[in-house]
A.B. asks: 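First the structure, which I've put down as structure tokens, then a few questions once you've had a look.
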Amino acid sequence: MFMSNNACLVPNSFWLTGIPGLESLHIWLSIPFSSMYVVAVVGNVTILAVVKVEHSLHQPMYFFLCMLAIVDLVLSTSTMPKLLAIFWFGAHNIDPDACLAQMFFIHCFATVESGIFLAMAFDRYVAICDPLHHTSVLTHAVVGRLCLAAFLRGVLYIGPLPLMIHLRLPLYRTQIIAHSYCEHMAVVTLACGDTTVNNLYGMGIGFLVLILDSLAITGSYVMIFRVVMGLATPEARLKTLRTCGSHICAILVFYIPVAVSSLTHRFGSHVPPHIHILLANCYLLIPPILNPVVYAVHTKQIRERLLHILKASASMGHTGI
């Protein structure tokens, strides 16, 4: 399985442990994880279908929501099938190239998701602070360019991560990755040689994405709240704030798990390994599960369309009986 160079190895494959310390519970853990994955897939596919068939939702906010749903599907599908294969079939082995590909997809699309939230914040800023020019500023072409920019930024930011590992870190102390997927730091910490560049680049990207994006989003909402507070009546203020409610909830659902997972991974040396890994998996599963729920609850058009579909299905069922 290995080519040895002194105490270091060139692995033909890596070994993902799953949830370290909870190996005896893997089959039971598969029940909530598989259920959450199914909910995430069904929820996001439903959002895509509803926006496609409901022409009143062909607006910038909902196009961004569709992009968010696609990103969430990629994020959850990058990790859950392999995790469930570990739980159900003991399929711990993963090819090094497949490991780097999984790393790229996870970190790239997490970065893309942050970029989509930034674009959505810009959309809300224009819609509330300059409503007369909203349709002329946020045209379909502009929305497409913003989504493309978010995607390209993710590729440019994250592309060097697996490339630097492949070129600079061919040797490893062990093939065992104490994680359920190929997370960047989990792989780098196993490498022989100087990992300073990899560590600094990873931390720099984390700062750019997590800190700068969240600051930019916060700045846009500070300006939005200033405009809202200047409205004449409380009813008008509440109505305007409701249009931002789903976006704010989605932002919190994304950034809070990411921040908690990142902080515990880098600074929580006293935190048990299985807590690290469970948090890391939750940050990839919670947003894909909750984003469709948040937007279905807060968006009247999506809620009404879903109710219409459910009623139609129920009536067809009664007719069949």
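Residue numbers count from 1 along this sequence.
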A.B. asks: Are I128 and L132 connected in the hydrophobic side-chain network, where two residues link if heavy atoms are under 4.5 Å apart?
C.D. replies: no
A.B. asks: Donor-acceptor pair, distance only, cut-off 3.5 Å: does the side chain of D213 make one with the backbone of L118?
C.D. replies: no
A.B. asks: Do I177 and W15 have side chains that approach each other closer than 4.5 Å (heavy atoms only, starting at C-beta)?
C.D. replies: no
A.B. asks: So F117 and Y255, would you call those rings parallel, tilted or perpendicular, with 30° and 60° as cut-offs?
C.D. replies: tilted
A.B. asks: Quick one: does any side-chain atom of K82 pair with a main-chain N or O of A91 as donor and acceptor, under 3.5 Å?
C.D. replies: yes
A.B. asks: Measure the acute angle between the ring planes of H184 and H107, then classify it against the limits of 30° and 60° as parallel, tilted or perpendicular.
C.D. replies: perpendicular
A.B. asks: If we only count heavy atoms from C-beta on, is the F33 to L278 side-chain gap below 4.5 Å?
C.D. replies: yes
A.B. asks: Once the angle between the rings of H26 and F87 is folded into 0 to 90°, is it parallel (under 30°), tilted (30 to 60°) or perpendicular (over 60°)?
C.D. replies: tilted
A.B. asks: Measure the CE-CG distance between M67 and D72 for me, rounded to the nearest 0.5 Å.
C.D. replies: 11.0 Å
A.B. asks: Identify the residue among Y125, F254, Y221 that makes a ring pair (Phe, Tyr, Trp, His ring centres under 6.0 Å) with H247.
C.D. replies: Y221
A.B. asks: First locate atom CG of L75, then atom CD1 of I106, and finally report the distance between them rounded to the nearest 0.5 Å.
C.D. replies: 8.0 Å
A.B. asks: Any non-hydrogen side-chain atom of Y181 less than 4.5 Å from a side-chain atom of L284?
C.D. replies: yes
A.B. asks: Taking the side chain as every heavy atom from C-beta outward, state whether V187 and Y172 have any atom pair closer than 4.5 Å.
C.D. replies: yes
A.B. asks: Is I211 linked to L200 within one hydrophobic cluster, defined over Ile, Leu, Val, Met, Phe, Trp and Tyr using a side-chain heavy-atom separation of less than 4.5 Å?
C.D. replies: no
A.B. asks: With rounding to the nearest 0.5 Å, note down the distance linking CG in N199 to CE in M185.
C.D. replies: 4.0 Å
A.B. asks: Under a 4.5 Å cut-off applied to non-hydrogen side-chain atoms, are C249 and Y295 in contact?
C.D. replies: no
A.B. asks: Under the 3.5 angstrom rule, does the side chain of D130 hit a backbone N or O of V126 as a donor-acceptor pair?
C.D. replies: no
A.B. asks: Counting only heavy atoms not in H58 (residues, nucleotides, ligands), do more than 12 fall under 6.0 Å from its NE2?
C.D. replies: yes
A.B. asks: Hydrophobic clustering (ILVMFWY, side-chain heavy atoms < 4.5 Å, transitive) - are I47 and V42 grouped together?
C.D. replies: no
A.B. asks: Are there over 12 heavy-atom neighbours, none belonging to R168, within less than 6.0 Å of that residue's CZ?
C.D. replies: yes
A.B. asks: More than 12 heavy atoms of other residues, nucleotides or ligands under 6.0 Å from CZ of F105: yes or no?
C.D. replies: no
A.B. asks: Would you mind telling me which of L138, V142, T135, L65 makes a side chain to side chain contact (heavy atoms under 4.5 Å, CB included) with P60?
C.D. replies: L138
A.B. asks: Measure from the side-chain N and O atoms of T139 to the backbone N and O of S136, and report whether any donor-acceptor pair falls under 3.5 Å.
C.D. replies: no
A.B. asks: To the nearest 0.5 Å, tell me how far I86 CD1 sits from L16 CG.
C.D. replies: 4.5 Å
A.B. asks: Examine distances only and state if a side-chain atom of R124 and a backbone atom of M61 form a donor-acceptor pair shorter than 3.5 Å.
C.D. replies: no
A.B. asks: Are any side-chain N or O atoms of T77 and backbone N or O atoms of V74, one a donor and one an acceptor, separated by less than 3.5 Å?
C.D. replies: no
A.B. asks: Are any non-hydrogen side-chain atoms of F14 and C182 less than 4.5 angstrom apart?
C.D. replies: no
A.B. asks: What distance do I116 atom CD1 and F151 atom CZ have between them, rounded to the nearest 0.5 Å?
C.D. replies: 11.0 Å
A.B. asks: If you define the side chain from C-beta out and look only at heavy atoms, does anything of N291 sit under 4.5 Å from E113?
C.D. replies: yes
A.B. asks: So if you build clusters from Ile, Leu, Val, Met, Phe, Trp, Tyr with side-chain heavy-atom gaps below 4.5 Å, do L161 and V155 land together?
C.D. replies: yes
A.B. asks: Are the side chain of T17 and the backbone N or O of H179 linked by a donor-acceptor pair below 3.5 Å?
C.D. replies: yes
A.B. asks: May I ask you to test the R153-S114 pair for a side-chain heavy-atom distance under 4.5 Å?
C.D. replies: yes
A.B. asks: Spell out, yes or no, whether F207 and I256 are grouped together once hydrophobic residues are joined by side-chain heavy atoms under 4.5 Å, including indirect joins.
C.D. replies: yes
A.B. asks: For the backbone of A186 and the side chain of E183, can you confirm whether one donor and one acceptor N or O come within less than 3.5 Å of each other?
C.D. replies: yes
